[in-house]
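Here's the structure we're looking at; comments come further down.
In what follows, every chain begins at residue 1, and chains take the letters A, B, ... in the order their sequences are listed.
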Amino acid sequence: MLDIKLIRENPEDVKTRLKGKEIDCDEIIDRILVLDAERRDLIFKTENAKSEQNKVSKEIPQLKKQGADTTEVLARMNTLKEEIKSLDNQLKQVENEYNELMLSLPNLPDPDLKFGGKENNAPIRFFGSSRTLDFEPKNHVELCTELGLIDYTRGAKLSGNGYWIYRGMGARLEWALLNYFIEVHQLEGYEFVMVPHTLGYECGLAAGQFPKFKDDVYWIEAEEDQQRRFLLPTAETALVSLHMYEILTEAELPRKYIAYTPCFRREAGSYRAEERGMIRGHQFNKVEMFQVTKPEDSDAAFDELVTKAEMLVKNLGLKFRTVKLAAGDCSASMARTYDIEVYIPSMNGYKEVSSVSNARDYQARRGQIRFRREETGKIEYCHTLNGSGLATSRILPAIVEQYQQADGSVIVPQALRRYMRGKETITKDDIKRVTMKSPLSCG
RNA sequence: GGAGAAGUACCCAAGAGGCCGAAGGGGCUCCCCUGCUAAGGGAGUAGUGCGUGAUGAGCGCAGCGAGGGUUCAAAUCCCUCCUUCUCCGCCA
C-alpha cells in the first residue's frame, strides 16, 4: 500500500513513477483523491455528531437525578442517532471503495530502474562458463527419466499435468539441495522456520498478492468464508505475515528468516512447450529468505540477499547470471527485483532460480508491520525483503544438464556430496537399487 | 468431531447498563530515605488508529478478542465468528 499523504501531496509524481511499471493508474489516483476528500469530510461530520452525542449522554443521568424533564434531550439524542447512522453508512461506502483502490495500487518502482517490461531487463553479472562437449547433450527431461530421478508419468497419474515425483537418487538430490541451502543460511544467522502451508486471506493481502491474484492460488473449500484458506504460492506469503500487526523494538531488527516449503501455483494458461519437465509446475520446492529491516537498512539487506543467492548457485558450480529487472517486470508489491537465472543448455537460455526483491514499506503498510524507533519513540513502518534461496525446480535441471557426461551419467556437484553420503556420480545403475517392480506399466 | 469455561492495558486481575478510558496488584520509569544491598515512602505509567493542527502542543472520534444488534446510553444485555483452556471421542 502506498502512503496516502504521498498521493495527496504529489499525485503527478506518483502517476509518473507508476507508469514505469507499465500500468496506467491515473484514473485510480484521481478517484482516490476524490474519495479521500469525501472521506475526510464525512469523518469530520460524523465525529462532530458523535462528540455531541457523548456530551448530551453525560447530561442525562444528572438531569434524571434532578428530576428534570428529559423528553427534549432524548428527542435530540434520537435525531443524532439517525444522523450518525446515516453518516456512518456513507463513510463506510466511501471507505470501501477507497480501500479497494488503495489496495489495487502497485508499489512504486525505485527511481534507478529502467521503465518498461521484460525487454528492458539488464543482466548485470555473469558467473561460470559452458563446457565444450564432445558428445550430443541430452535435455533434463531425458536425463531425469533415464536416470530415474523424476517420474513424470506417475506424477501426472497422481495429480495431473504439472506434477512430478522425485524418486530414488532424484529425491536424494532434491533433498540434498534443500539441506545445503538451509544449512548455509543458518550458518549466516538466519532463523529457520517451518510455517503452515495453508494460509488465511489476510496473509495474501499483506504480501500484496491479493486481491488481484487471488485466482492464481489453490483455495481450500470451507463452509464459512472466514475459514477459507489457500495453499501458499511461496513461503514469502507466510513470512510477511509473521509480524503482521506487530510493533517491534528497534533492537529486534533486522529479523532474518528462512523457510522451506513446497509452493503451489495454478499457473493457469502459462504452459509452453519449452517449459516441459519441471521448469514450470503446480508444485515446487523452495527455500525462501526473508528480512524485516529498518528503512535505512533495506538497501544493504537487498545486496546481502542477492549475494547469498549468487553464492549458493556459484558453489554448485553452475553457469548463471544476475539480471536487474526493469520496473515493469517487477511484481506489483516490489520496488526493485534482481533475478538469478541459471543456464539451461537444452533451452539455450536462462531460467529464474531466484528472485530477490525489496518491497520497502509496501507490504509493511498492508500488514501493519512496524517498529518503535528508540531515539524518537515514534512508530515507523519496517521494510520487508524476500528472495529465493533457492527454488530447486530449475536448479536440478540445470545440474543434470550442465553436469552430464558422455555415458549419460551425471556428476554430483561437490557442494552436495556431503548431503548425499559422498555420492560422486549418478548413473543408471542407481535405479536398480531403488526401483521396485511396478504393478502398472507406465511407459 | 462433541460438551463446557474464558478472552479487559507489559503481566495478573476487578468491573454486571450512565459516576468507566476503565479499581487493585505486579512490573517498568522518576523522586525521597537508608554508607552499598535488601527493605521502605511518594509520583507517573492505554498502547494504537483516524481526524484536525506544522510530521509540535492541544483538541476530538474510535478502541475492553472481531463483527453485527438492542438502548437516549454498552466492557456490561443479545446474536455470529475467531482464539485459548478443560473434559470426552478419534487418531499420525
Does a side-chain N or O of A/Arg372 approach OP1 or OP2 of B/U48 to a distance below 4.0 Å, or not?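 Looking at the OP1 and OP2 atoms of B/U48, one of them is under 4.0 Å from a side-chain N or O of A/Arg372.
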
[atom1] atoms of [N] and [M], separation to the nearest Å:
| N | M | atom1 | value |
| --- | --- | --- | --- |
| B/A16 | B/A73 | C1' | 16 Å |
| B/A66 | B/G7 | C1' | 11 Å |
| B/U8 | B/A13 | P | 8 Å |
| B/A62 | B/C19 | P | 14 Å |
| B/C10 | B/C82 | P | 26 Å |
| B/G67 | B/C72 | C1' | 24 Å |
| B/A92 | B/C85 | C1' | 24 Å |
| B/C64 | B/A75 | P | 7 Å |

Starting from [atom2] on [N], measure out to [atom1] on [X] and report it in whole angstrom.
| X | N | atom1 | atom2 | result |
| --- | --- | --- | --- | --- |
| A/Glu246 | B/U48 | CD | P | 16 Å |
| A/Glu59 | B/C19 | CD | P | 14 Å |
| A/Asp3 | B/C50 | CG | C1' | 14 Å |
| A/Glu82 | B/C72 | CD | P | 10 Å |
| A/Glu202 | B/A66 | CD | P | 13 Å |
| A/Asn78 | B/U71 | CG | C1' | 10 Å |
| A/Glu380 | B/G47 | CD | P | 18 Å |

Give a yes or no on whether [X] atom [atom1] has more than 12 heavy-atom contacts from other residues, nucleotides or ligands under 6.0 Å away.
| X | atom1 | answer |
| --- | --- | --- |
| A/Glu246 | CD | yes |
| A/Phe44 | CZ | no |
| A/Glu72 | CD | no |
| A/Glu27 | CD | no |

Ion pair A/Glu380/A/Lys294, N-O distance below 4.0 Å: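 Salt bridge between A/Glu380 and A/Lys294, a charged N being under 4.0 Å from a carboxylate O: no.
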
What I want to find out is whether A/Asp299 reaches A/Arg336 closely enough, with some N-O distance under 4.0 Å, to be called a salt bridge.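 Salt bridge flag = no for A/Arg336 with A/Asp299.
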
In terms of the nearest nucleotide of RNA chain B, which residue is placed more toward the 5' end: A/Met77 or A/Lys92?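 Its nucleotide being nearer the 5' end, the pick is A/Lys92.
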
Nearest-0.5 Å distance that lies between atom CZ in A/Arg8 and atom CD1 in A/Ile32: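 Separation between the atoms: 11.5 Å.
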
Spacing of A/Ile399 atom CD1 and A/Glu174 atom CD [to the nearest 0.5 Å]: 9.5 Å

Given Watson-Crick or G-U pairs with both distances under 3.5 Å, what dot-bracket string fits RNA chain B, with | for other-strand pairs and [ ] for crossing? ((((((((.[[[..)..(.....]]]((((((.......))))))..(((((.....)))))..[[[[[..)....]]]]])))))))....

Any chance you could list the contact pattern along nucleotides 51-63 of chain B? Use B for base contacts, S for sugar-phosphate-only contacts and - for none, protein heavy atoms under 4.0 Å, 5' to 3'. SS-------BBS-

Taking the six-membered ring for Trp and the single ring otherwise, decide whether the centroids of A/Phe181 and A/Tyr260 are under 6.0 Å apart. no

Counting side-chain heavy atoms from C-beta on, which of B/G18, B/G49, B/U71 comes nearest to A/Ile379? B/G49

Do the side chain of A/His282 and the main chain of A/Phe264 share a donor and acceptor less than 3.5 angstrom apart?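 Flag not set: sc A/His282 to bb A/Phe264 has no pair under 3.5 Å.
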
